K.L.:
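Could you have a look at this structure, given as C-alpha cells, before my questions?
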Amino acid sequence: MKNSIIVLVVAALLILGFTVFKKDKEMENTTEPENLAMLAGCYVSRTDNDVYTLKIQKIENNGAFSGTLEFNNFEKDSSSGTYDGFYKDGILFGGYSFTSEGMDSQMDVIFKRMGNDFVRGYGELDETGTRFEDIDDVKYDASSTLSFFSKEECAA
C-alpha cells in the first residue's frame, strides 16, 4: 500500500514537471514573430544632428533578409550601403557593404530585437576590424547613443 502511494506521488510529480517544461518550451517558441514579413520596414536612430537608418526591405520565411543601412553623421564621414543576412532568435546579423569617402568596404553589423525595435550590438572585432571575434560576446545597450533603432514610417 505504501509503495503504491509513493509510485502515484512520483508519477504525479513527473507529469507535473513534464507539463511545466512543455509550457516553458511553448512560451519560448512564441517569442519569435509568427510572420517575419512584419519585420520589414524602417528603423531609425537619431541625435540632434546624426541620423542612422536601417531599412529591411525583404525578409524570407527562413529568416534571410535584404535591406540597407545609412549612417548620416553631422560634420563627420557618413556611409550608406546594402545590409544582407539572417534573422534568427531575435538577432538580425548580416554583412554591411558600403561606400565611405569613395572607398568600398564591408563589415559585420548585428542587431537584437527589443519589442518592435532593434538595438545595435558591439563587440570585439578580428584583426581586420570587419568581423566579430565571437558574436556570443556582443553587447547590446539600448541606452547607448545611436544604438537604439525605433520603428518608423520610411521617409520618401
Side-chain angles (χ1 to χ4, degrees), residues 17-156:
F18 177 74
T19 303
V20 169
F21 176 76
K22 186 176 176 191
K23 274 286 186 213
D24 284 346
K25 283 295 180 191
E26 287 172 3
M27 288 179 72
E28 252 180 45
N29 292 336
T30 60
T31 58
E32 287 295 312
E34 290 182 13
N35 180 4
L36 290 177
M38 69 187 229
L39 293 177
C42 294
Y43 301 84
V44 179
S45 180
R46 59 172 54 100
T47 63
D48 291 336
N49 297 312
D50 300 325
V51 178
Y52 295 178
T53 306
L54 161 65
K55 290 182 183 174
I56 301 173
Q57 295 162 325
K58 182 179 177 185
I59 187 158
E60 305 287 332
N61 287 335
N62 67 359
F65 74 87
S66 61
T68 61
L69 272 172
E70 195 171 321
F71 297 99
N72 288 321
N73 297 303
F74 181 71
E75 296 182 345
K76 290 190 237 170
D77 297 334
S78 296
S79 67
S80 64
T82 60
Y83 181 52
D84 303 298
F86 287 90
Y87 177 81
K88 183 178 180 193
D89 298 329
I91 301 295
L92 190 69
F93 178 73
Y96 173 46
S97 300
F98 62 99
T99 302
S100 180
E101 294 186 349
M103 292 185 56
D104 293 332
S105 301
Q106 184 167 351
M107 65 183 283
D108 287 346
V109 179
I110 191 167
F111 294 91
K112 183 176 188 175
R113 186 137 169 96
M114 291 190 159
N116 291 326
D117 306 311
F118 282 101
V119 175
R120 185 172 177 191
Y122 295 91
E124 291 293 321
L125 300 175
D126 68 5
E127 65 278 351
T128 67
T130 62
R131 304 268 182 243
F132 287 111
E133 285 283 336
D134 185 352
I135 62 171
D136 292 330
D137 290 336
V138 169
K139 304 289 185 239
Y140 304 91
D141 182 4
S143 66
S144 179
T145 304
L146 293 173
S147 289
F148 187 78
F149 287 66
S150 59
K151 191 160 190 178
E152 297 184 5
E153 289 295 318
C154 290

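Computed from a predicted structure; not experimentally measured. Start at 1 with the first residue, then count along the sequence.
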K.L.:
Does a side-chain heavy-atom distance below 4.5 Å link S78 with N72?
P.N.:
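Answer yes - side chains close enough.
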K.L.:
Can you pull out every ring-ring contact (aromatic ring centres under 6.0 Å, His included) where at least one residue sits in residues 121-155? Sequence neighbours excluded, please.
P.N.:
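Qualifying pairs, neighbours excluded: F111-F149.
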K.L.:
May I ask you to check whether F118 and Y43 place their ring centers less than 6.0 Å from one another?
P.N.:
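So the answer is yes for these two rings.
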K.L.:
Verify the ring-centre separation between F71 and Y52: is it less than 6.0 angstrom?
P.N.:
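Yes - the distance between ring centres of Y52 and F71 falls below the 6.0 Å cut-off.
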K.L.:
What are the two closest heavy atoms between S147 and D141, and how far apart are they?
P.N.:
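Shortest heavy-atom contact: CB-O, 3.6 Å.
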K.L.:
The test is side-chain contact (heavy atoms from CB on, under 4.5 Å); show your working for L92 and I56 and say whether it passes.
P.N.:
CA-CA 10 Å; L92 190 69; I56 301 173; 3.8 Å; yes
K.L.:
Could you name each residue pair satisfying salt bridge (charged side-chain N to carboxylate O under 4.0 Å, His left out) that touches residues 38-47, not counting sequence neighbours?
P.N.:
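Found R46-E152.
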K.L.:
Give, for atom CD of Q106 and atom OH of Y96, the distance between the pair rounded to the nearest 0.5 Å.
P.N.:
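Result: 11.0 Å between the selected atoms.
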K.L.:
Can you pull the salt bridge (charged side-chain N to carboxylate O under 4.0 Å, His left out) pairs that have at least one residue in residues 121-132, sequence neighbours excluded?
P.N.:
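As it turns out, the salt bridge (charged side-chain N to carboxylate O under 4.0 Å, His left out) pairs with a partner in residues 121-132, which skip direct neighbours, are D108-R131.
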K.L.:
Are the side chains of E70 and L54 in contact, using a 4.5 Å heavy-atom criterion?
P.N.:
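When only atoms from C-beta onward are counted, E70 and L54 do not touch, as no gap falls below 4.5 Å.
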K.L.:
Which residues pass the side chain to side chain contact (heavy atoms under 4.5 Å, CB included) test with D136, sequence neighbours left out?
P.N.:
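D136 satisfies side chain to side chain contact (heavy atoms under 4.5 Å, CB included) with D134 once adjacent residues are dropped.
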K.L.:
For I59 versus L36, what's the shortest heavy-atom pair and its separation?
P.N.:
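Shortest heavy-atom contact: CG2-O, 3.1 Å.
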K.L.:
With rounding to the nearest 0.5 Å, note down the distance linking NZ in K55 to OG1 in T82.
P.N.:
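Taking NZ in K55 and OG1 in T82, the distance rounds to 13.5 Å.
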K.L.:
Can you find a pair of side-chain heavy atoms, one from V51 and one from V44, that are under 4.5 Å apart?
P.N.:
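Yes, at least one pair of side-chain atoms sits under 4.5 Å.
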K.L.:
From T53 OG1 over to L69 CG, what is the distance, rounded to the nearest 0.5 angstrom?
P.N.:
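The OG1 atom of T53 sits 9.0 Å away from the CG atom of L69.
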K.L.:
In this structure, are over 12 heavy atoms from other groups packed under 6.0 Å from D137 atom CG?
P.N.:
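Yes, CG of D137 has more than 12 neighbouring heavy atoms, counting only those of other groups under 6.0 Å.
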K.L.:
Could you check if a side-chain atom of T68 sits within less than 4.5 angstrom of a side-chain atom of Q57, using non-hydrogen atoms only?
P.N.:
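Yes - at least one pair of side-chain heavy atoms lies under 4.5 Å apart.
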K.L.:
With sequence neighbours excluded, what pairs up with F93 under the ring-ring contact (aromatic ring centres under 6.0 Å, His included) test?
P.N.:
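Partners of F93 under the ring-ring contact (aromatic ring centres under 6.0 Å, His included) test: none.
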K.L.:
Let me confirm one number: the NZ-SG distance from K151 to C42, rounded to the nearest 0.5 Å.
P.N.:
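Answer rounded to 0.5 Å: 9.0 Å.
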K.L.:
Side chains of Y87 and R113: does their closest heavy-atom pair fall under 4.5 Å?
P.N.:
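The answer is yes; the side chains approach within 4.5 Å.
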K.L.:
For the atom pair CE (M114) and NZ (K112), what is the distance rounded to the nearest 0.5 Å?
P.N.:
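Nearest 0.5 Å value for the CE-NZ distance: 5.0 Å.
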K.L.:
May I ask you to test the L146-D50 pair for a side-chain heavy-atom distance under 4.5 Å?
P.N.:
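In short, these two side chains touch, coming nearer than 4.5 Å.
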K.L.:
For D117, is there any backbone N or O sitting under 3.5 Å from a side-chain donor or acceptor partner on S150?
P.N.:
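Side chain of S150 to backbone of D117: no pair is present.
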K.L.:
If we count only N and O atoms by modelled type, under 3.5 Å, do the side chains of T99 and D104 hold a donor and an acceptor together?
P.N.:
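There is such a pair (donor and acceptor under 3.5 Å, judged by atom type) between the side chains of T99 and D104.
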K.L.:
Considering only heavy atoms from C-beta outward, does the side chain of I110 approach that of R120 to under 4.5 Å?
P.N.:
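Not touching, per the 4.5 Å side-chain cut-off.
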K.L.:
Return the set of residues passing side chain to side chain contact (heavy atoms under 4.5 Å, CB included) with D77 (not counting sequence neighbours), or none when no residue passes.
P.N.:
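D77: side chain to side chain contact (heavy atoms under 4.5 Å, CB included) contacts with S100, E101.
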K.L.:
How far does NZ of K88 sit from CZ of F65, to the nearest 0.5 angstrom?
P.N.:
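Going from the NZ atom of K88 to the CZ atom of F65 covers 14.5 Å.
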